[in-house]
Amino acid sequence: TENKQQRPAAYRTTVSPEVMDELQRKVIQKIVVEKCYRDKNYSARQLAQDLGTNTRYISAVVNNRFHKNYTELVNGYRVEEAMSLMVDRRYQKTNIEDISAMVGWSAAAATLTTLLMGALSDRVGKRKLFICGGYLLWGLSTAAFGLVTVENAAKLFPAASAAAAAAVMIVVLDCVMTFFGSTANDAAFNAWITDTVPNAARGKAESVLAILPLISMLVIFGLFDGMTQRGQWQKFFAIFGGLVVLTGVVSVFLIPEPKLEPRRDNGLKNLVYGLRPSVVRGNPALYLSFAAFCLFSVAVQVFFPYLIIYMQNYLHFDGYALVLGIVLIFASVVSVLSGRVIDRLGELRCVLPAAGVMFAGLLGMFFARSMLAVILTGCIMMSGYMLVTAILSGVIRDHTPAGKAGHFQGIRMIFGVLLPMILGPAIGAAVIRSSDSTYVELGVTKTVPTPAIFLAAAALLALSVPFVLALKRRMAAGEERV
């Protein structure tokens, strides 16, 4: 009997500290971060299978590092969450509409930062300082995400719930990261592009800029998906934070400071300059461009946040990453090759044909069911999307008032990010709510997106056409005032 009682302890001591550390991180990732404790059927055997180990190793790690058995560990998190929900009943009715509202708040933070820092860069007459410094601090705050773990939160805040403290740390860091990222990219870099790129080269420049977010998706899915699947978040954020810091360092040597005169505008008046009725009336071409861009962006946000879930749970594609890769590469090539054509023919002559391409792709996505059909129609849809993005972005820059490029990046964010990220997901959620199909993710039942999101997006895209036609008439009549 004595030997039998000693065997488990003896076995646990045979597991090396390195293996213990690695398994502890993986257990925290699965149980805490991915919230597998919510699934009442998630057993130690299932956890072992997911982590590629056996139940004896799981038992050793849980006993040695958490000082509990497996059942006590998962039940502890279940009780903790239940108590949190009882304390704050607002979250008991969290649904897809609430989630879309949370996304809107994130967009609001980015928009406010861009408005403030863009106006400040106009006032001091500098762009480079905000770009280089912003990228450096953006990279450091990104890398810091990898340091946020339940374990570290428990060390810093021993009297608080470790999981809750980690969540608060993530929210705070996200706000900090958003501030520096929006300062560097959304406010200063975009203003620098407006200041330095001539109107005759807008198409070529914007067609390259339009593909950058999609290229970043390809890099993450293609090169780093395995790292995130293994829960190597510290390494993931360190790599991307380091790359952003490197971008800031390189920009010190590559980006010339445009010749801008410091402005002595009243700070508050300058902040709301672009929202004044007199400014809207004085720059009709600019605000018609903003209106068209807003409706186009709302259309994109109706379907884009749900695209991967749609392919996984409605179309049941296992290889959705392959589909996305082909579509994004094709659309990126089309965008870059079209830049010179846009400059040669003129932006306004190209915008409606580009919108027509996207419209046709959206209709095709509504009917597509096979992987080949989705790839073909997806290529059409995303090519149109990137062309419209490049064209309307160029038109907006063409009509931005001189000396106000920084401020109007904030106005662009209102029309191109804030309103679309509030309205688009909400419309998409309303469409999805009519679905009678559901799927279960980590024990939570969710509604499956339906092809109707593409029809809704196509309808909203069509609403942008009257604004484009009005803009073309005004430009033809020579009545625009910048």
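Atoms considered below: every heavy atom in the structure, side chains included; atoms not considered: hydrogens, waters and symmetry mates.
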Distance, nearest 0.5 Å, that separates [atom1] of [X] from [atom2] of [Y]:
{"X": "Thr196", "Y": "Lys259", "atom1": "OG1", "atom2": "NZ", "value": "13.5 Å"}
{"X": "Asp398", "Y": "Ser393", "atom1": "CG", "atom2": "OG", "value": "10.5 Å"}
{"X": "Leu295", "Y": "Leu461", "atom1": "CG", "atom2": "CG", "value": "9.0 Å"}
{"X": "Ile131", "Y": "Asn190", "atom1": "CD1", "atom2": "CG", "value": "9.0 Å"}
{"X": "Cys294", "Y": "Arg412", "atom1": "SG", "atom2": "CZ", "value": "12.5 Å"}
{"X": "Ile255", "Y": "Leu129", "atom1": "CD1", "atom2": "CG", "value": "12.0 Å"}

Are [X] and [Y] packed together at the side-chain level, in the sense that at least one heavy-atom pair is separated by less than 4.5 angstrom?
{"X": "Leu471", "Y": "Ser289", "result": "yes"}
{"X": "Thr389", "Y": "Ser335", "result": "no"}
{"X": "Phe366", "Y": "Thr377", "result": "no"}
{"X": "Val351", "Y": "Glu347", "result": "no"}
{"X": "Ser332", "Y": "Met386", "result": "yes"}
{"X": "Arg123", "Y": "Pro262", "result": "no"}
{"X": "Ile308", "Y": "Leu324", "result": "yes"}
{"X": "Val298", "Y": "Leu463", "result": "no"}

Is [X] reaching over with its side chain to a backbone N or O of [Y], donor-acceptor style, under 3.5 angstrom?
{"X": "Asn283", "Y": "Val279", "result": "yes"}
{"X": "His407", "Y": "Gly274", "result": "yes"}
{"X": "Asn313", "Y": "Val448", "result": "no"}
{"X": "Tyr306", "Y": "Pro425", "result": "yes"}
{"X": "Ser141", "Y": "Leu137", "result": "yes"}
{"X": "Trp138", "Y": "Thr178", "result": "no"}
{"X": "Ser383", "Y": "Ile380", "result": "no"}
{"X": "Ser182", "Y": "Phe179", "result": "no"}
{"X": "Glu257", "Y": "Lys128", "result": "yes"}

Show me the side-chain donor-acceptor pairs of residues 237-254 shorter than 3.5 Å, one per line, residues at least two apart or across chains.
{"unit_1": "Thr247", "atom_1": "OG1", "unit_2": "Leu243", "atom_2": "O", "d": "2.9"}
{"unit_1": "Ser251", "atom_1": "OG", "unit_2": "Thr247", "atom_2": "O", "d": "3.3"}
{"unit_1": "Ser251", "atom_1": "OG", "unit_2": "Gly248", "atom_2": "O", "d": "2.6"}

Who are the side-chain contact (heavy atoms from CB on, under 4.5 Å) partners of [X], not counting sequence neighbours?
{"X": "Leu372", "answer": "Ser370, Leu376"}
{"X": "Ala144", "answer": "Leu173"}
{"X": "Thr194", "answer": "Arg202, Arg397, Thr400, Ala405, Gln409"}

Closest non-hydrogen atom pair, [X] against [Y]:
{"X": "Pro420", "Y": "Ile414", "value": "CD-O, 4.0 Å"}
{"X": "Leu460", "Y": "Ala299", "value": "CB-CB, 3.9 Å"}
{"X": "Phe145", "Y": "Met177", "value": "CE1-SD, 3.7 Å"}
{"X": "Leu286", "Y": "Ile396", "value": "CD1-O, 3.6 Å"}
{"X": "Val388", "Y": "Ala355", "value": "CG2-N, 3.6 Å"}
{"X": "Tyr310", "Y": "Pro451", "value": "OH-CG, 3.5 Å"}

Q: Return yes when atom NZ of Lys126 has more than 12 non-hydrogen atoms of other residues, nucleotides or ligands closer than 6.0 Å, and no otherwise.
A: no
Q) Is atom CZ of Arg369 surrounded by more than 12 heavy atoms (other residues, nucleotides or ligands) closer than 6.0 Å? A) yes
Q. Phe454 and ring-ring contact (aromatic ring centres under 6.0 Å, His included): which partner among Tyr314, Phe303, Phe359, Phe367?
A. Phe303
Q: Could you give me the CA-CA distance, side-chain angles and deciding distance for Leu212 and Leu209, then say whether side-chain contact (heavy atoms from CB on, under 4.5 Å) is met?
A: CA-CA 6 Å; Leu212 296 183; Leu209 291 174; 4.0 Å; yes
Q. Which residues satisfy the ring pair (Phe, Tyr, Trp, His ring centres under 6.0 Å) test with Phe415, sequence neighbours excluded?
A. Phe290
(Q) Taking salt bridge (Lys or Arg N to Asp or Glu O under 4.0 Å) as the definition, give me every residue that meets it alongside Asp195, ordered by chain and number, with sequence neighbours left out. (A) Arg127
Q | Tyr135 vs Asn185, side-chain contact (heavy atoms from CB on, under 4.5 Å): CA-CA, chis, key distance, verdict | A | CA-CA 8 Å; Tyr135 269 96; Asn185 190 74; 2.9 Å; yes
Q: I would like to know whether Phe330 and Val334 meet side-chain contact (heavy atoms from CB on, under 4.5 Å); could you show each step before the answer?
A: CA-CA 6 Å; Phe330 180 88; Val334 170; 3.7 Å; yes
Q: For the pair Phe408 and Tyr273, name the ring-plane relationship: parallel under 30°, tilted 30 to 60°, perpendicular over 60°.
A: perpendicular
Q: Quick one: sort the Phe293 and Phe296 rings into parallel, tilted or perpendicular, breaks at 30° and 60°.
A: tilted
**Q.** Identified side-chain contact (heavy atoms from CB on, under 4.5 Å) counterpart of Thr111 within the set Ile411, Leu418, Asp186
**A.** Leu418
Q | Verdict with reasoning, Leu322 to Ile375, per side-chain contact (heavy atoms from CB on, under 4.5 Å) | A | CA-CA 9 Å; Leu322 175 64; Ile375 290 174; 5.7 Å; no
